Amino acid sequence: MDPHLSSLLYDSQVTWMTTELLLKRDAKGVLVPALAESWSLTNDTTWVFKLRRGVKFHDGTPFNAQAVKANFDRLYDPATKSPRAVSRLGMIGAVEVVDELTVRFVTKFPYSPLGFSLAASAASAIASPAALTKFGLQDYSRNPVGTGPFKFREWVANDHITFIANDEYWDGRPYLDEVIYRFVPDAATRGVQLQSGEVDMVLYPEPAGIPALVADQRLTVVKVPQDVEFYLGMTHTLKPFDDLRVRQAVSYAIDTKTIQERIAVNVSQPLKSFMPPTVWGFNENVKSYPYNPEQAKRLLAEANVSNLDLELWHPTGRYPVDKQVAEAVQQYLRAVGINVALRSGDAATWIRPVNEGQAPLFITGWAAEGDPDSFLFIKFHTSNIGAAGNRTRFKNAKVDELLEKARAVFDQNARTKLYQEVQTILADNAVELPLYQIVNPIATNKKVQGVEYGPNEFFTINKAWKD
Amino acid sequence: MVVFVAMRLVPGDPAEVLAGDYASDQYIAELRASLGLNEPIYVQYVIYLNNLAHGDFGRSIKSRRPVLEDIAQRVPATMQLALAAMALASLLGFTTGIISAVRPYTWLDYGGMALSLIGISMPVFWLGLLMMLLFSVRLGWLPAGGRSEPLSIVLPAVALALGATGQIARMVRAAMLEILQSDYIRTARAKGLPGRVVTIRHGLRNAMLPVVTILGLQFGHLLGGAIVTETVFAWPGLGRLIVDAVASRDYAVIQGTVIVFVLSFAVVNLAVDISYAALDPRIRYRS
């Protein structure tokens, strides 16, 4: 749970119990104050944050500008080897203390999405500097000390983590006295534990078991749309996907509506563009490719492509029904004359060919931070080709130009126009085929109330209670 | 060594997994270098052996803590489960086997052997879920997974024990059937000794040799079966550790856990070998 050391989403959820950020996104995805009461820009690269007064860490030390600086110093310290320092927060050049409750962030270049970047990543969580020093890199993750609504109590490896309420939480003591996170690796087992009453809330229940949970009168199932695009990627540097017609053919060949409604039922929502509607700047008017196998065949013939044999790489178990979706895609492509061999493995096996541009077709998801920059720039700018995010290896000078401009400009309307134009170009180029937006079903016992669900795969329970 | 090399041949790289999404190629390269993964494989192996000789099992790539610590935390859970399952399997196995042997070719016998066959064939994860649905959801008698209550061990131990029970029962029956035909048994009966004394003191005791061998081997199977059982029942033991470690290619943890498994298996079988001498005075190891 050391926010500087982790790169996993699950770690984040647990980190939010004890530690907080300067800003956060509310349930609708809008940026709101958290540990920072307000912020403003003095110039294109300088952001000034005014911190909340009277907040204390769980160990009693005060939260102030020095604490913020100490955290960021640790994040960027090469000895920490933080995965997120460069990838998510590499744009920050300096963090300076102005006074007790004022911090100044200087970015290396004008970067308008800074607020969202700070609000998204656990890497910018603020921990007690005293605790960080006391426990060090080795042990802090087992002894987190932050400003959050809950204090860490104990961690039994592979079994559970216990938190207790923070009586002095600045936003009011939580109603819940104790929260226990249990690690249960098998999805079916999680459902069973919820039904037997042993646990009150379950994340990621087994998709096939959801109807049973919905039917159970004692339980509620909430479907929370996430900022995650689940898509079919085509690697543009591998033939024949350098040809627009082939990419369009693939897009026409697959019936995304049926896949979303039948296979990914309960875990998805239709998606028209390259980022979900939960992200501002979403353009719903981009060119779409409704299911049309005849058109697909025509385009393939035009492009002089026949008897294609390709590999489709997909994860298994990383996203709900990922394997079944891959199988469906295989069927649709076969119907238009493209023979697809499915390749898969666990996350470690699957990452490399995709990152290195060896996978002609691949299916995966992309989760991002609520600002269109984290979707579009990271996924489609030439500088990010490869592991950094541009997996389709898309290169387009016009798109690059628009994206660079959009992140340096601060006017929301101007940015919106730029991003909408980007999405139009991407759709015209059939860069990839968005399959659907991922929805997280969360099942709870009806006795639990007051939970707020957000689009970043987490939820807040400081205002929740149990009857 | 086999595990060492095999893990590194399997596709997938711990640095890539650790780095997660959004990582730049440069960061991944730096991470690999810092983890010592760029050295040729034989160099890595020698370094590992050298460290082992000094009691250093390395560090987990994911948790950054010493492997020995991670393993030590989870050993009690797995050993508890394995021993509980072993005890249960022995108890049920012996009982079933003996009953079958003293009442051969009756419905007791056929029933017992049919149950054994079912026990051997049933997949643990399927049985585990069924038991949880019945005993936890429907009846509410037992907790479904986790290790938080004293009763939590019941379901996983039963699920794990069933395969071994079947094997033990069959072995006991086979060994005893053979023994019960022997001359000295007839002599004992002729002497007028009560049936139970004959069966247990003279029959079972002499059948123990092959049975004890099976017990040793079954312990190995139990350790392996613990991996699936721990996953299904969310039991926090070595099985869970190794599954997670394989998924993140956490080489040091995998190697360490395999060493622990192998050592346990070796110790148990050594105990089996030694017990031969106790069981049968005719077998003595000459020095």
Side-chain angles (χ1 to χ4, degrees), chain A residues 2 5-9 78 81 83-88 90 121 137-139 141-142 156-160 180 182-186 188-199 317 345-353 355-356 364-368 374 378 383-389, chain B residues 10-14 16-28 30-31 34 59 62-66 69-70 73-74 77 125 128-129 132-133 135-140 142-149 228 230-241 243-244 246-249:
Chain A
D2 186 329
L5 290 179
S6 106
S7 59
L8 301 173
L9 219 39
K81 294 209 242 286
R84 294 272 160 112
V86 170
S87 55
R88 302 289 272 262
S121 171
L137 280 176
Q138 307 285 348
D139 292 320
S141 61
R142 300 284 153 116
V156 177
N158 269 147
D159 192 53
H160 67 271
I180 303 178
R182 284 217 212 156
F183 305 119
V184 181
D186 190 77
T189 311
R190 293 198 280 273
V192 170
Q193 291 195 340
L194 182 65
Q195 286 186 293
S196 73
E198 275 167 76
V199 303
D346 57 8
T349 312
W350 165 93
I351 282 182
R352 181 170 289 176
N355 282 347
E356 292 180 0
T364 184
W366 184 258
S374 61
I378 308 229
S383 65
N384 284 319
I385 286 187
Chain B
V10 164
D13 174 57
E16 273 182 16
V17 175
L18 188 63
D21 285 339
Y22 289 89
S24 66
D25 291 330
Q26 189 208 350
Y27 175 74
I28 296 178
E30 279 170 26
L31 198 52
S34 75
R59 278 182 188 276
K62 225 169 88 168
S63 75
R64 305 205 193 186
R65 298 159 74 75
E69 222 177 273
D70 280 345
Q73 255 188 325
R74 289 155 174 90
F125 57 87
L129 279 172
M132 280 198 280
L133 279 175
F135 292 104
S136 308
V137 181
R138 209 44 73 75
L139 295 172
L142 295 168
R147 199 183 171 213
S148 39
E149 292 163 48
V228 175
E230 286 182 15
T231 305
V232 172
F233 287 96
W235 186 261
L238 286 177
R240 291 271 299 278
L241 181 66
V243 166
D244 288 341
V246 169
S248 36
R249 304 289 189 276

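Computed from a predicted structure; not experimentally measured. Residue numbers begin at 1 in each chain, while the letters A, B, ... track the order of the sequences.
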What are the two closest non-hydrogen atoms of A/Thr189 and B/Val232, and how far apart are they?
OG1-O, 2.5 Å

Minimal non-hydrogen separation, B/Ser136 against A/Glu198, with atom names:
CB-OE2, 4.3 Å

Residue list, side-chain contact (heavy atoms from CB on, under 4.5 Å) with B/Val137, at least two apart or on another chain:
A/Val192, A/Gln195, A/Ser196, B/Leu133

Separation of B/Gln73 CD from A/Asp159 CG (nearest 0.5 Å):
11.0 Å

